[in-house]
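First up is the structure itself, then whatever we jot down about it.
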8 protein chains.
Amino acid sequence: MKVGVIFGSSSDMDIMKKVTDTLKSYGLEYIPAILSAHRMPDLLKTKMDEMEASGVEVFIAGAGLAAHLPGVVASHTVKPVIGVPVKAALNGEDALLSIVQMPPGIPVATVGIGRGENAAILAVQILSLKDSTLEEKLRVKREEKKQKILEENKNIETLLQEWGQGR
Amino acid sequence: MKVGVIFGSSSDMDIMKKVTDTLKSYGLEYIPAILSAHRMPDLLKTKMDEMEASGVEVFIAGAGLAAHLPGVVASHTVKPVIGVPVKAALNGEDALLSIVQMPPGIPVATVGIGRGENAAILAVQILSLKDSTLEEKLRVKREEKKQKILEENKNIETLLQEWGQGR
Amino acid sequence: MKVGVIFGSSSDMDIMKKVTDTLKSYGLEYIPAILSAHRMPDLLKTKMDEMEASGVEVFIAGAGLAAHLPGVVASHTVKPVIGVPVKAALNGEDALLSIVQMPPGIPVATVGIGRGENAAILAVQILSLKDSTLEEKLRVKREEKKQKILEENKNIETLLQEWGQGR
Amino acid sequence: MKVGVIFGSSSDMDIMKKVTDTLKSYGLEYIPAILSAHRMPDLLKTKMDEMEASGVEVFIAGAGLAAHLPGVVASHTVKPVIGVPVKAALNGEDALLSIVQMPPGIPVATVGIGRGENAAILAVQILSLKDSTLEEKLRVKREEKKQKILEENKNIETLLQEWGQGR
Amino acid sequence: MKVGVIFGSSSDMDIMKKVTDTLKSYGLEYIPAILSAHRMPDLLKTKMDEMEASGVEVFIAGAGLAAHLPGVVASHTVKPVIGVPVKAALNGEDALLSIVQMPPGIPVATVGIGRGENAAILAVQILSLKDSTLEEKLRVKREEKKQKILEENKNIETLLQEWGQGR
Amino acid sequence: MKVGVIFGSSSDMDIMKKVTDTLKSYGLEYIPAILSAHRMPDLLKTKMDEMEASGVEVFIAGAGLAAHLPGVVASHTVKPVIGVPVKAALNGEDALLSIVQMPPGIPVATVGIGRGENAAILAVQILSLKDSTLEEKLRVKREEKKQKILEENKNIETLLQEWGQGR
Amino acid sequence: MKVGVIFGSSSDMDIMKKVTDTLKSYGLEYIPAILSAHRMPDLLKTKMDEMEASGVEVFIAGAGLAAHLPGVVASHTVKPVIGVPVKAALNGEDALLSIVQMPPGIPVATVGIGRGENAAILAVQILSLKDSTLEEKLRVKREEKKQKILEENKNIETLLQEWGQGR
Amino acid sequence: MKVGVIFGSSSDMDIMKKVTDTLKSYGLEYIPAILSAHRMPDLLKTKMDEMEASGVEVFIAGAGLAAHLPGVVASHTVKPVIGVPVKAALNGEDALLSIVQMPPGIPVATVGIGRGENAAILAVQILSLKDSTLEEKLRVKREEKKQKILEENKNIETLLQEWGQGR
């Protein structure tokens with residue numbers, strides 16, 4: 001069970017790395033690629049077929065601007081496709097709409113603007129249908145975040161003094 | 001394997017029906033419920049636990065306005081949660097942002113505004129990881145839509161005369 | 001010299017007809033097709049190659065929602081591609097951004113939301129580089145519109161009484 | 001009489017501090033907490049019950065992105081809840097809509113984006129219904145601000161020279 | 001204990017009626033007025049002073065377009081002021097921003113676009129600080145709405161058939 | 001002293017009529033014209049020169065979509081130019097931005113979307129610098145509107161019953 | 001003949017200075033003031049009456065956020081009022097809508113976001129109705145700008161090398 | 001065969017240089033000019049006529065804010081006009097709408113915000129109708145970009161480590 005991680009440009013690598021780092025933290029294998037929906041339409045299909053042949057069960061695709069990549073990826077497979085809007089102009093609102101507003105029949109599971117970690121967690125949630133140990137890992141991570149917040153509450157007045165100058 | 005379908009209000013039933021009709025067309029069982037994130041926070045959790053105990057593997061949640069329901073559903077489970085923004089004000093842009101812009105750790109797989117059928121298809125794609133017959137059904141339906149479009153092309157000039165007055 | 005006119009769905013036929021009617025009024029031949037970027041990615045390329053072989057020199061592509069079609073058409077050719085955003089949700093702003101915000105290297109010549117006639121006129125302007133009789137036709141049509149407005153000015157007070165109740 | 005001040009993340013502490021500093025300047029007690037609507041849904045209810053038991057009469061809740069916290073807080077109490085949208089993406093417009101567009105029955109008293117001080121003043125105004133000395137303090141502060149502005153007017157030409165280079 | 005209900009124009013009466021009907025359902029007295037921030041700036045202040053003298057403890061103010069009325073009402077009192085954006089253009093987004101984005105020092109407790117009932121409920125919540133019987137009424141109404149939704153769930157499949165055709 | 005009233009298309013006549021009706025109600029003369037910034041750029045200048053020669057002291061120009069007309073009118077004169085955005089797409093937001101966001105040096109005095117009457121009143125206010133009887137008329141009209149609102153307040157409860165069903 | 005220049009806060013002084021510098025460059029006298037629509041509603045009226053008594057014929061008012069000041073200034077006078085939206089949040093779109101979308105009867109002549117110089121030039125254009133020497137000055141300034149641009153064109157290739165690296 | 005490149009202000013030179021650099025890379029001649037639609041309406045026409053007389057077959061026009069220049073250029077010619085929105089306020093959304101939303105009859109072929117290189121490539125695509133060697137150059141450039149991306153894929157894990165920290 002692997003995740004195919006396809007981003008549209010090397011300029012999106014900071015978001016792509018959020019995806020791959022999160023997948024690693026759950027012990028999941030992934031196949032990364034930089035592939036453009038517009039510069040290599042044929043190759044995209046070929047590469048995706050190879051990925052599926054290697055065991056990819058879920059795709060994560062990210063792009064900015066007129067972000068067609070996730071939708072085009074979804075047109076080449078019936079596996080679930082997760083889309084990540086990347087902010088490159090207009091605060092990422094163009095990428096969000098280009099990804100989420102897919103026509104009937106070809107959905108893209110869209111996450112928030114720049115939310116690479118959430119795309120990875122969604123992939124883990126989907127794969128946990130087949131591997132129930134992932135479900136347990138998801139619960140543990142949530143509990144850890146909860147404990148971290150509870151810890152912060154213990155000295156909240158100090159934190160307010162130290163952190164509360166930022167914006 | 002079932003799908004839990006939770007909408008926030010009976011005024012969203014047209015979109016909810018798109019979800020349940022599409023699930024039926026793939027032969028999938030679902031458990032429907034109208035549950036509000038704000039009017040029955042405790043009951044929501046109870047009902048979701050019952051759903052999971054009955055075999056629900058994926059949730060679809062839809063709401064309009066400040067659409068908190070899908071995110072709150074996602075906070076109660078580690079199963080995949082699909083969110084459907086419903087248009088009730090501001091062309092549905094408020095619901096879209098309230099659903100898609102989830103913080104790190106708790107993703108909601110968001111589909112387009114009012115796209116109930118796509119939420120259902122995404123659920124089918126996710127469940128096809130466990131039931132490969134669903135994958136075949138997805139391919140058949142796509143092929144059918146393709147054939148329908150090809151058919152339309154055969155007499156496109158007639159269609160242009162007949163249909164091209166609408167807007 | 002022909003124009004390839006590709007729209008994403010039969011529900012966009014009213015805008016498509018504005019394109020073909022305008023092309024006809026300039027005496028230009030066109031090849032119409034309904035082709036989806038997502039439902040038939042391979043066929044789209046095949047059809048476009050056929051169109052180019054038949055003498056298509058400019059493409060006009062229109063779609064609504066996450067309107068990927070014009071960009072995908074542009075990825076398959078180095079001929080000029082004109083994109084028409086169709087209003088299906090969010091007043092057409094999603095389609096506009098999905099079409100105009102193309103990444104560097106693959107431009108789409110975007111016209112206004114629902115402006116099928118302008119897409120056709122732009123095609124005529126482009127083709128007039130090879131056929132100078134088109135340039136003359138463009139001048140004549142502009143002059144006609146100008147004369148029509150001048151005519152309206154002659155009895156503007158009457159028009160104000162008759163028409164000024166609308167909105 | 002106390003104010004419960006709940007923010008969704010330690011990254012919002014600069015706005016949270018505006019709230020607590022302003023409450024202090026009116027001599028009001030508050031109970032601060034970092035609590036997430038999604039990471040600790042049960043605990044949120046428990047903590048709020050404790051706060052109400054300790055004398056909290058008004059809640060202030062702030063969050064960014066898909067800012068569900070204020071609405072979820074409002075679902076657990078019939079006390080007035082003041083919501084503060086925090087800017088984390090899209091200039092805070094996502095947070096504003098997620099907070100203000102609450103469905104019928106569960107209002108959140110929303111203030112401007114990042115306006116922690118106004119949330120606190122609104123809490124003071126509400127509590128002044130029970131403690132009329134607060135009303136006097138509100139009037140004094142307003143008068144002070146007015147005097148400060150009048151003072152600025154005395155040497156406005158100098159100020160124009162000194163300050164008018166900024167943007 | 002009364003509520004002052006001030007709207008900017010008789011064209012906003014449908015939203016104003018939502019306010020007054022909801023206040024009546026909680027047994028609260030109100031003083032209604034149509035007063036414009038721009039057409040009668042002096043009179044607005046006079047009327048508000050009379051209202052406060054008659055026992056008004058909370059103001060609700062609603063307006064559309066460049067909706068200055070709630071902010072101007074807030075400038076004349078230190079009582080809590082609730083603002084209701086009315087949709088008259090741009091889907092009410094102009095009114096929302098004109099009301100919620102108040103500068104530091106003069107908050108307006110803003111509710112959703114057209115949400116007259118929520119403005120009234122917020123007023124009840126504020127007044128319940130002084131009259132605890134109101135708190136009980138708020139709980140009863142919430143419970144009623146919850147029971148109504150539970151009732152709907154009993155025959156949800158029938159409802160899906162009957163209601164799910166709307167949009 | 002006259003007002004030049006130039007609109008871009010006969011489809012904007014309802015807004016144009018609001019302008020001319022309001023000017024008439026103040027006893028002001030106007031010269032109306034339908035002139036397009038794009039279809040007759042030279043003629044526009046000629047017509048405007050004629051208007052100025054006939055005594056036009058203020059221009060009102062209205063248009064929808066990419067509403068260039070008011071800005072182009074402003075480029076041909078140093079008289080004050082008032083711009084009226086007309087709603088034709090995107091709720092008129094495109095026209096508003098195309099009119100108000102003029103570069104340094106060439107201002108257009110922009111009024112609200114579709115606000116023909118306000119454009120006329122602004123023209124009256126400007127002309128009242130030369131004709132003080134207009135100032136008196138402006139005061140009378142404002143007083144009339146104020147009285148009308150005061151009248152409405154007398155039987156506000158009846159109005160709430162009669163009018164409060166609309167939206 | 002003077003111009004009253006009223007801004008809402010000393011934090012807007014950079015835009016205010018653009019106004020006053022431009023007025024000075026046309027040799028016009030002005031009376032500057034920092035006055036808040038909300039903190040000093042009575043004083044605002046008093047100050048404005050003094051300004052009119054001193055010969056003010058046009059007002060320029062600027063503010064950010066829920067920018068009520070220009071509209072409130074317009075409610076106190078029948079002289080022309082020019083409004084300047086100041087960018088403080090949401091790129092100034094909140095201020096723009098709060099200023100331009102005035103209800104029928106009370107116009108504000110709105111200029112672009114942060115366009116202090118254009119507000120001043122508009123005031124000069126209005127005052128030129130009474131003082132025709134101003135009209136000549138407006139023409140001279142425009143001609144100067146035109147000459148400056150023509151000068152730039154002379155060595156445009158050099159400029160492209162030197163300046164074309166910025167963004 | 002030449003390209004006329006007209007921008008509205010020397011402050012847009014970074015985008016203008018993207019245009020001219022890209023044209024040069026295709027071996028195309030261009031005539032650059034800084035010309036304002038508002039400051040020199042007559043001269044703009046004269047200059048454009050000169051450009052056409054010198055062999056200009058396509059125009060590229062760019063501007064920010066209320067970006068009227070491309071539309072005004074289009075009104076003076078029947079040659080194809082390409083418009084480039086420049087970001088100067090509101091993230092360039094004002095310029096985009098002012099350029100793309102042209103009325104029927106006068107199209108502007110709009111590219112993405114700040115996308116000077118795409119405007120140039122579109123011009124090359126249009127001119128390739130007359131000069132087929134350009135078509136070959138377009139194919140070569142696309143192939144080069146494709147190869148560059150394929151190269152990046154070879155050491156994608158290293159790139160993820162090195163580049164993935166940016167945002």
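This is a predicted model, so every value here is computed, not measured. Throughout, a chain's letter reflects where its sequence line sits, starting with A, and its residues are numbered from 1.
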Exercise: identify the closest heavy-atom pair between [X] and [Y]:
X	Y	answer
B:Pro103	A:Arg115	C-CD, 4.3 Å
B:Glu135	A:Val78	CG-CG2, 3.3 Å
B:His76	A:Arg142	N-NH1, 4.5 Å

Max heavy-atom pair count under 4.5 Å with chain A, selected residue of B:Arg139, B:Lys141, B:Gln125: B:Gln125
Chain A interface, residue from B:Val111, B:Val124, B:Val81 that has the most non-hydrogen pairs under 4.5 Å: B:Val111
Heavy-atom pairs under 4.5 Å with chain B: which of [options] has the most?
options	value
A:Ser128, A:Gly114, A:Pro107	A:Pro107
A:Leu134, A:Leu138, A:Ile106, A:Leu127	A:Ile106
A:Ala109, A:Pro80, A:Pro104, A:Gly83	A:Pro104

Gap separating the CG atom of A:Leu129 from the CG atom of B:Asp131, nearest 0.5 angstrom: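 Taking CG in A:Leu129 and CG in B:Asp131, the distance rounds to 11.5 Å.
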Between CD on residue A:Glu93 and CG on residue B:Leu96, distance to nearest 0.5 Å: 8.5 Å
Less than 4.5 Å to any heavy atom of chain B: does that hold for the side chain of [X], its backbone, both, or neither?
X	value
A:Ile82	neither
A:Ala120	neither
A:Glu117	side chain

Could you tell me which portion of [X] (side chain, backbone, both or neither) has an atom closer than 4.5 angstrom to a non-hydrogen atom of chain A?
X	answer
B:Thr77	backbone
B:Pro85	neither
B:Lys145	side chain
B:Ala119	neither

Donor-acceptor under 3.5 Å (B:Asn118 side chain, A:Val108 main chain): no
Polar side-chain atom of B:Gln101 near backbone of A:Ile113 as donor-acceptor pair, under 3.5 Å: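 A pair under 3.5 Å: yes.
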Other residues, nucleotides, ligands: >12 heavy atoms within 6.0 Å of A:Glu143 CD: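 Atom CD in A:Glu143 is packed in, count exceeds 12.
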More than 12 heavy atoms of other groups within 6.0 Å of B:Lys148 NZ: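 Not buried by this count: 12 neighbours or fewer within 6.0 Å.
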